[in-house]
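Remarks on the structure that follows.
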Amino acid sequence: MSERNWAGNVTYRAREILRPASVEELAVILAREPRVRVLGSRHSFTGIADTDGVLVSLAAMPGEVEVDAAAGLVRVPAGWRHGELVPALDAAGLALANLASLPHISVAGAVQTGTHGSGDRIGALGTQVAAVELVTASGEALVLRRGDDDLAGAVVGLGALGVVTHLTLEVEPTYQVAQTVYEGARWDDVLARFDAVTGAGDSVSMFTTWQDADTIGQVWVKARPGRADHDVLRALGAVPADGPRHPLPGIDPTPCTVQGGEQGPWYARLPHFRLEFTPSAGDELQSEYLVARADAREAIEALRGLAPQLAPVLQVCEVRTMAADDLWMSPAFGRDTVALHFTWMLDPDAVGALLPRIEQALPESARPHWGKLFAMDSATLARRYPRWDDFTALRDRLDPDRRFTNDYLIALGL
C-alpha cells in the first residue's frame, strides 16, 4: 500500500485500509488486528493516523444525522465531514456555534485532534460534544455522555482510546453572519487594544506573511447581526478591503467565503473557504501553537523578532482566539487561548529547522496542535497539560495492550 496524507508529507506504512460497513464488522477487525488506527480526511500533517498495522476508514459506515431539536442535540456519524453535516443541519433549521476554517475535514478527526474555529467566547469544536460513542480494543461499544467522568478525557482522544463511531453535538437555531476584511492595521496598535480587536466580532482572524514585522496584512471579522464593532478597526487606521480577499496575498479569492459585510448563513461565513471548493492542492505544511491569552503580546512579539527567519518559508500566519475548555488534551484546556497558525511552503527540512527556534521563543504556555508539525518533546508536553497523567490512566484502562498505539503516540510519551 502506498497512501499519503493530503499534504503528501506522510506516507502511511499500514499494509491495508479496511472499510467496515457496520459496528459489528469493526469489532471483528479490532478482535483480529494487533495494531489499528483510524484514517479520516487525511488533513493531519503529522503521523498521528499512521500505523504499522491496519488503517480503518469509516467512510462505508452507514448512518444519518439524528436530530433531537427539543434537546438541541444531533447524533452524527464520526466519518462525516463538516461539508456533509452542514446541509443536514440547515435542512432542520439548526446550526453549530462554530466551524473550523476548512469545511472539508471529518467531524471526529477535527474533534480528536483539538481543532478549533475562532472567537473570544467560543470554545474549540470539542466543546460542542455532548456524547462520544467508541468501540474499544476489546470490541466493547462504549458511550460517554455529559456527566460521565471520562468524557472530558475522551473528546480530544488522539485516537488512543478506541474507534469513535458517532458524536452527539450541541446545536442551536440557524443564524446569519456577515464577514468584513480589513487591511492596513499595525501590530503596535492592535496589541495596545488586543481585547477590543479580537472582540470586534464573533470570530476574528489576523493574517500576516511576516514579510513586514510591523503590519498585519488582513483582519477578518465575522459577526452575527448587531455584534460587529467596526469602529475598533477603523480607529486603528484599518480600512475595509475594496474587494474579496484570499488569506494568501495575490491568490484568487474565489474559493473564499463571501465578504464585504454581506449577511449569509452561518456555514457560508464562519469557515474561510466555501464548501464547494478545495482550498488548495495540498502543497503546504502546517504548524500551530496555542498560548495562554495572557501571553498573547509576548508570543506575538517573539514572532515579530523571528520575522526574517519565518518569512522565506512561510505562506501565511493566522492569529485567532478561543475560550477556555475543560477537555484534558485540548490545547485550550484551562485558559482562554490565542492560536498562532503557520501555513508553510512544502519544504520539510526548512520547516523542521525552524520549529525548535519558534518553540524556544514562545512563552512556556505554548501547546501544539496535535495534527500539525511541532518539535516539542514528551517531557515538555507532559508539563504543559495538567491532566496528562489522567489521560494516560484512561488510555491504560481502555487500551491496556496498546492496540491503538503508534510511533507518533510513543514519541509523545503515550
Side-chain angles (χ1 to χ4, degrees), residues 82 96-105 110 114-125 177-187 189-191 193-210 215-224 227-230 232-233 236 238-241 244-249 251 253 255-261 264 266-274 279-280 284 286-291 293 296 299-300 303 310 314-323 331-332 336-344 369 372:
H82 284 94
L96 297 169
N98 207 358
L99 283 171
S101 299
L102 299 177
H104 312 83
I105 54 179
T115 300
H116 56 88
S118 173
D120 286 1
R121 297 176 298 275
I122 304 173
L125 300 182
V177 172
Q179 175 173 233
T180 304
V181 175
Y182 287 89
E183 298 176 317
R186 299 180 63 79
W187 277 118
D189 298 328
V190 167
L191 290 175
R193 299 198 63 195
F194 190 75
D195 290 349
V197 171
T198 63
D202 292 287
S203 169
V204 174
S205 291
M206 292 169 269
F207 292 96
T208 178
T209 62
W210 293 119
T215 302
I216 303 171
Q218 302 170 20
V219 181
W220 292 35
V221 178
K222 306 166 190 270
R224 301 190 193 196
R227 293 190 183 179
D229 187 350
H230 298 290
V232 170
L233 276 303
L236 299 183
V239 296
R245 294 291 189 267
H246 191 286
L248 277 67
I251 301 297
C256 296
T257 47
V258 174
Q259 303 158 22
W266 61 282
Y267 57 83
R269 299 293 185 276
L270 290 179
H272 296 330
F273 299 97
R274 300 174 190 253
S280 80
E284 64 188 56
Q286 293 183 14
S287 299
E288 186 169 29
Y289 297 96
L290 299 99
V291 302
R293 188 181 180 98
I300 292 170
L303 297 185
L310 301 175
L314 186 68
Q315 295 191 46
V316 73
C317 174
E318 179 180 4
V319 179
R320 48 188 168 171
T321 64
M322 71 214 64
D336 291 338
T337 295
V338 174
L340 312 167
H341 181 275
F342 302 87
T343 300
W344 305 107
H369 187 294
K372 299 176 184 180

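The chain is numbered in sequence order, starting from 1.
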Side-chain donor-acceptor contact under 3.5 Å, [X] with [Y]:
{"X": "Ser205", "Y": "Glu318", "answer": "yes"}
{"X": "Gln286", "Y": "Glu288", "answer": "no"}
{"X": "Tyr267", "Y": "His82", "answer": "no"}

Using modelled atom types and a 3.5 Å cut-off, is there a donor and acceptor pairing between side-chain atoms of [X] and backbone atoms of [Y]?
{"X": "Ser118", "Y": "Val204", "result": "yes"}
{"X": "Gln179", "Y": "Leu270", "result": "no"}
{"X": "Gln259", "Y": "Arg245", "result": "yes"}

What are the two closest heavy atoms between [X] and [Y], and how far apart are they?
{"X": "Ala332", "Y": "Ala323", "result": "CB-O, 3.9 Å"}
{"X": "His246", "Y": "Gln218", "result": "O-NE2, 3.0 Å"}
{"X": "Pro271", "Y": "Thr257", "result": "O-OG1, 2.8 Å"}
{"X": "Ala124", "Y": "Gly114", "result": "CB-O, 4.5 Å"}
{"X": "Asp229", "Y": "Val232", "result": "OD2-CG2, 3.2 Å"}
{"X": "Thr198", "Y": "Asp120", "result": "OG1-OD2, 2.9 Å"}

For Ala97, side-chain contact (heavy atoms from CB on, under 4.5 Å) partners two or more places apart: Gln128, Glu172
Measure the spacing between [atom1] of [X] and [atom2] of [Y] and express it to the nearest 0.5 Å.
{"X": "Phe194", "Y": "Met206", "atom1": "CZ", "atom2": "CE", "result": "4.5 Å"}
{"X": "Met322", "Y": "Ser203", "atom1": "CE", "atom2": "OG", "result": "10.0 Å"}
{"X": "Thr115", "Y": "Leu125", "atom1": "OG1", "atom2": "CG", "result": "6.5 Å"}
{"X": "Arg320", "Y": "Leu290", "atom1": "CZ", "atom2": "CG", "result": "8.5 Å"}
{"X": "Ile216", "Y": "Trp210", "atom1": "CD1", "atom2": "CH2", "result": "7.5 Å"}
{"X": "Arg274", "Y": "Arg269", "atom1": "CZ", "atom2": "CZ", "result": "8.0 Å"}

- request: May I ask you to decide if the ring planes of Tyr182 and His230 are parallel, tilted or perpendicular, using 30° and 60° as cut-offs?
  value: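 Tyr182 and His230: tilted rings.
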field: Whether Phe207 and His272 hold their rings parallel, tilted or perpendicular, with breakpoints at 30° and 60°
entry: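 Answer is perpendicular, since the angle exceeds 60°.
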Could you tell me whether the side chain of [Y] reaches within less than 4.5 Å of the side chain of [X], counting heavy atoms only?
{"X": "Arg121", "Y": "Asp202", "value": "yes"}
{"X": "Thr209", "Y": "Pro249", "value": "yes"}
{"X": "Val221", "Y": "Leu233", "value": "yes"}
{"X": "Thr337", "Y": "His116", "value": "no"}
{"X": "Val338", "Y": "Val319", "value": "yes"}
{"X": "Leu303", "Y": "Phe342", "value": "yes"}
{"X": "Leu99", "Y": "Trp266", "value": "yes"}

- prompt: What's the verdict on side chain to side chain contact (heavy atoms under 4.5 Å, CB included) for Lys372 and His341, showing C-alpha distance, side-chain angles and the deciding distance?
  reply: CA-CA 10 Å; Lys372 299 176 184 180; His341 181 275; 3.1 Å; yes
